[in-house]
Amino acid sequence: MEKSYDAIIVGAGIIGACTAYELSKKGYRTLSIDKLPAAGYGSTGNSCAIIRTHYSTYDGCALAYEGFFYWDDWANYLGVDDERGHAKFHKTGCFVMKTELNNYLGPICENMDALGVPWEDCDPESLKAKMPIYDLHSFAPVRRPDDDDFGKTSGEMVAGAVFFPMAGYISDPQLATHNVQRAAEAKGATFLFNSEITEIRQADGRVAGVTLKDGTRIDAPIVVNVAGPHSYIVNRMAGVEDGMNIKTKALRQEVAHVPSPEGFDFEKNGFVTSDSDIGCYCRPETGNHILIGSEDPACDEREWVDPDDFNRDFTEQWQAQVYRVAQRIPSLGIPSRMKGVVDLYDVSDDWIPIYDKSDLAGFYMAIGTSGNQFKNAPVAGVMMAELIERCEKGQDHDTDPVKLELHHSGRTIDLGFYSRRREINEESSFSVLG
Ligand SMILES: Cc1cc2nc3c(=O)[nH]c(=O)nc-3n(C[C@H](O)[C@H](O)[C@H](O)COP(=O)(O)OP(=O)(O)OC[C@H]3O[C@@H](n4cnc5c(N)ncnc54)[C@H](O)[C@@H]3O)c2cc1C
């Protein structure tokens, strides 16, 4: 390993790896540093890795639409083999329940139409034909299981769903990250594992490099913070937090894996689903399991934690999520052994990521991914590399935001949307839905 590089990337999760890949393609000599033993071992490895196109904002939809094409043509994006094989994109499509909470999906479908993203309206009967295990009664508002009214329906039925065919999931997000590591290495990138950055050094008013826990100093005129739930800690090392209007913090999450109900193969015949009537999203999981995540309903307390000291065990939150899905799927068995994952989101104040420069010259950030940016990692890498190149050539992104033509969808996006200095975006769902 050398002692100086063109750019150091803090973190080798999926977004860090994609950033390294795109910078390497542009000719930067990059070093990705991660304190964990391999790429994608942080929050990326526990990601549900759902790929979907629907977001609350137009810009969110545009980015996710662009992101879809990378996953859909993964081998071509990577351009190299991986000795472990390539991650698989299971293109199931996604059903989103129409509820009062999401305005029966009217605004989202308008965004989809404006972008040319396909969707299909699905009445309750056709939804039931696709998901015969479903009880289509409405259970809203979402409640905690200890609420006396939990599991009671008003008697109303849900209004059906919208089906988004450009959706699915990556069953092995860690492998996907390893794939990108190999692709980046083929372009000259270097990865250093088991190495914790403890200092971001500065000289002459700009970033100068990093210092590792063992005292090793590595120099670079560019440092990119892609530290996931540790992003705010790395920003504090660089002293850039005061210049940010939107900040980030770590939120604890539990995801449950439960067996598919008797007589239904969810792994084969299930879909990605988003159901705000019960406050949960689901997707098929290997071993004919159903993966259950939370849509952060108002009745659940948010658990902001120290990313180096949090409870990695399941709690009653695991049961709450499984019980909620058991309202929709009454035949769902509730296992006594809890399986799934506990990990952290790196949440921004408005649940929209920050892809930006900072007030310290040469220090950039791709953070605040709020539980919903795995799908956008390849396009985030493209955005970060372009942003870095333009800023280093002298463009003042704060006053003259970088615009980027998206390769697959042909849209032009204004990267100012992801600025650290933006006002809170009130159009956001303020949840994992983005
Ligand atoms: C439970 C869960 C479910 C999710 N589901 C989805 C989903 O369905 N769809 C979707 O699109 N997104 C989802 N996400 C979000 C998505 O996984 C993240 O947005 C994405 O993985 C973030 O990647 P990253 O590279 O930014 O960060 P990470 O994967 O967190 O990587 C950051 C890396 O930085 C390293 N690091 C931190 N500090 C230091 C330091 N000081 N020195 C050295 N290394 C350091 C860490 O070790 C870590 O490996 C989910 C996230 C979670 C936790």
Side-chain angles (χ1 to χ4, degrees), residues 8-20 31-53 55 60 63-64 67-68 71 94 167-171 173-174 176-177 180-181 191-200 210-213 223-238 248 250-256 272 274 281-283 291-295 307-308 321 340-348 351 353-355 365-381 384 432-434:
I8 289 171
I9 293 124
V10 187
I14 189 73
I15 298 176
C18 289
T19 302
L31 174 67
S32 295
I33 303 178
D34 203 298
K35 59 184 175 181
L36 296 174
Y41 263 35
S43 73
T44 293
N46 280 330
S47 179
C48 301
I50 290 171
I51 313 295
R52 59 178 161 96
T53 50
Y55 271 78
L63 201 65
F68 171 89
W71 297 108
C94 173
Y169 64 97
I170 306 294
S171 53
Q174 196 274 325
T177 314
V180 183
Q181 176 192 342
F191 285 73
L192 176 67
F193 295 109
N194 295 311
S195 303
E196 182 174 347
I197 292 166
T198 50
E199 188 189 0
I200 307 285
V210 302
T211 306
L212 306 183
K213 201 173 183 177
V223 173
V224 194
N225 177 2
V226 202
H230 289 82
S231 66
Y232 75 93
I233 296 172
V234 175
N235 274 345
R236 284 178 194 172
M237 287 182 204
T248 55
L251 181 70
R252 189 178 170 280
Q253 286 288 316
E254 297 186 29
V255 174
V272 170
S274 165
Y281 65 87
C282 294
R283 72 155 170 82
L291 175 154
I292 303 172
S294 174
E295 293 194 348
D308 292 313
Q321 289 167 208
V341 302
V342 179
D343 215 318
L344 305 177
Y345 293 165
D346 177 36
V347 175
S348 78
W351 293 71
I354 304 171
Y355 296 126
M365 59 187 87
I367 63 170
T369 60
S370 305
N372 63 51
Q373 292 292 303
F374 177 90
K375 64 183 75 54
N376 290 336
V379 57
M384 290 309 294
V432 68
L433 300 174

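We count ligands from 1, going down the list as the structure has it; atoms in each ligand are counted the same way.
Annotation: side chain of Y355 is not in contact with side chain of T19 (no heavy-atom distance under 4.5 Å). Put simply, the side chain of N235 reaches to within 4.5 Å of the side chain of M365, judged on heavy atoms. Between F374 and I51, the closest side-chain pair of non-hydrogen atoms falls below 4.5 Å. The shortest side-chain heavy-atom distance between D308 and I233 falls under the 4.5 Å cut-off. Within the 4.5 Å cutoff, no side-chain heavy atoms of N372 are placed close to those of L433. Side chains of S43 and L344 form no contact here, defined as non-hydrogen atoms less than 4.5 Å apart. Residues C48 and Y281 meet the side-chain proximity criterion, which asks for heavy atoms closer than 4.5 Å.
Closest to atom 41 (N) of ligand 1 among all protein heavy atoms lies I197 O, 3.0 Å. The single protein non-hydrogen atom nearest to atom 23 (O) of ligand 1 is T44 OG1, 3.2 Å, given as residue, atom name and distance. Here the heavy atom of the protein found nearest to atom 27 (O) of ligand 1 is G228 CA, 3.6 Å. The closest protein non-hydrogen atom to atom 25 (O) of ligand 1 is I15 N, 3.0 Å. Nearest protein heavy-atom neighbour of atom 6 (C) of ligand 1: S47 OG, 3.3 Å. If you check which protein heavy atom lies closest to atom 1 (C) of ligand 1, you get N46 O, 3.6 Å. Annotation: atom 2 (C) of ligand 1 to nearest protein heavy atom, Y345 CE2, 3.6 Å.
Short contacts between ligand 1 and G13, defined as distances under 4.0 Å to a heavy atom of the residue, involve ligand atoms 25 (O), 29 (O), 31 (O). For ligand 1 and G16, the ligand atoms under 4.0 Å from any heavy atom of the residue are 25 (O). Close contacts between ligand 1 and G11 involve ligand atoms 33 (C), 34 (O), 35 (C) [criterion: under 4.0 Å to a heavy atom]. Those atoms of ligand 1 that come under 4.0 Å of a heavy atom in N372, given as number and element, are 10 (C), 11 (O), 12 (N), 15 (C). When each atom of ligand 1 is checked for a heavy atom of P229 under 4.0 Å away, the hits are 30 (O). In the vicinity of L36, heavy-atom distances shorter than 4.0 Å reach the ligand 1 atoms 47 (O), 49 (O). For ligand 1 and S195, the ligand atoms under 4.0 Å from any heavy atom of the residue are 43 (C). The atoms of ligand 1 that sit less than 4.0 Å from any heavy atom of G42 are 49 (O).
Checking T369, V342, V432 against atom 19 (O) of ligand 1, the nearest heavy atom belongs to T369. Here the shortest heavy-atom distance to atom 30 (O) of ligand 1, taken over S43, G40, C18, P307, belongs to S43.
Polar contact with ligand 1: present for D34 (N/O pair, distance under 3.5 Å). Considering both main-chain and side-chain atoms, L344 never comes within under 3.5 Å of ligand 1 through any nitrogen or oxygen pair. For D343, no nitrogen or oxygen atom sits less than 3.5 Å from a nitrogen or oxygen atom of ligand 1, counting backbone and side chain alike. In terms of polar-atom proximity, I50 is counted as a contact of ligand 1, with an N or O under 3.5 Å from an N or O of the ligand. Polar contact with ligand 1: present for K375 (N/O pair, distance under 3.5 Å). Geometrically, ligand 1 and C48 share a nitrogen or oxygen pair separated by less than 3.5 Å. Any N or O atom pair closer than 3.5 Å counts here, and F374 shares at least one such pair with ligand 1. Residue contacts with ligand 1: G371 is placed with a nitrogen or oxygen under 3.5 Å of a nitrogen or oxygen of the ligand (distance criterion only). Between V255 and ligand 1, a contact under 3.5 Å exists for no N or O pair. For ligand 1, the polar-atom distance check against K35 finds a nitrogen or oxygen pair separated by under 3.5 Å.
Checking K375 against Y55 by side-chain atom types alone, a donor-acceptor pair falls below 3.5 Å. Side-chain polar atoms of D346 and S231 form a donor-acceptor pair below 3.5 angstrom. Side-chain atoms of S294 and E254 form no donor-acceptor pair, as typed in the model, at a separation below 3.5 Å. Side-chain atoms of Q373 and Y345 include no donor-acceptor pair closer than 3.5 Å.
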Under the criterion side-chain contact (heavy atoms from CB on, under 4.5 Å), I'd like the reasoning laid out for I9 against I33: C-alpha separation, chi angles, the key distance, then a yes or no.
CA-CA 6 Å; I9 293 124; I33 303 178; over 6 Å; no
Step by step, would you call D34 with L192 a side-chain contact (heavy atoms from CB on, under 4.5 Å)?
CA-CA 6 Å; D34 203 298; L192 176 67; over 6 Å; no
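Across all non-hydrogen atoms, the minimal contact from A12 to T177 is O-CG2, 3.6 Å. Taking both residues in full, the closest heavy atoms of G16 and V226 are given as N-CG1, 3.3 Å, listed atom of the first, atom of the second, then distance.
For the atom pair T198 OG1 and K213 NZ, the distance stands at 8.5 Å (nearest 0.5 Å). The line from CD1 of I367 to OG1 of T248 is 4.0 Å long, rounded to the nearest 0.5 Å.
Of the heavy atoms in H230, only side-chain atoms (C-beta onward) come closer than 4.0 Å to ligand 1. Contacts of P173 with ligand 1, taken as heavy-atom pairs under 4.0 Å, are absent altogether. At a heavy-atom distance under 4.0 Å, no atom of A377 approaches ligand 1. If you look at I51 next to ligand 1, there are no close heavy atoms at all, none under 4.0 Å.
Listed for the S195 side chain is a donor-acceptor partner under 3.5 Å among the backbone atoms of F193.
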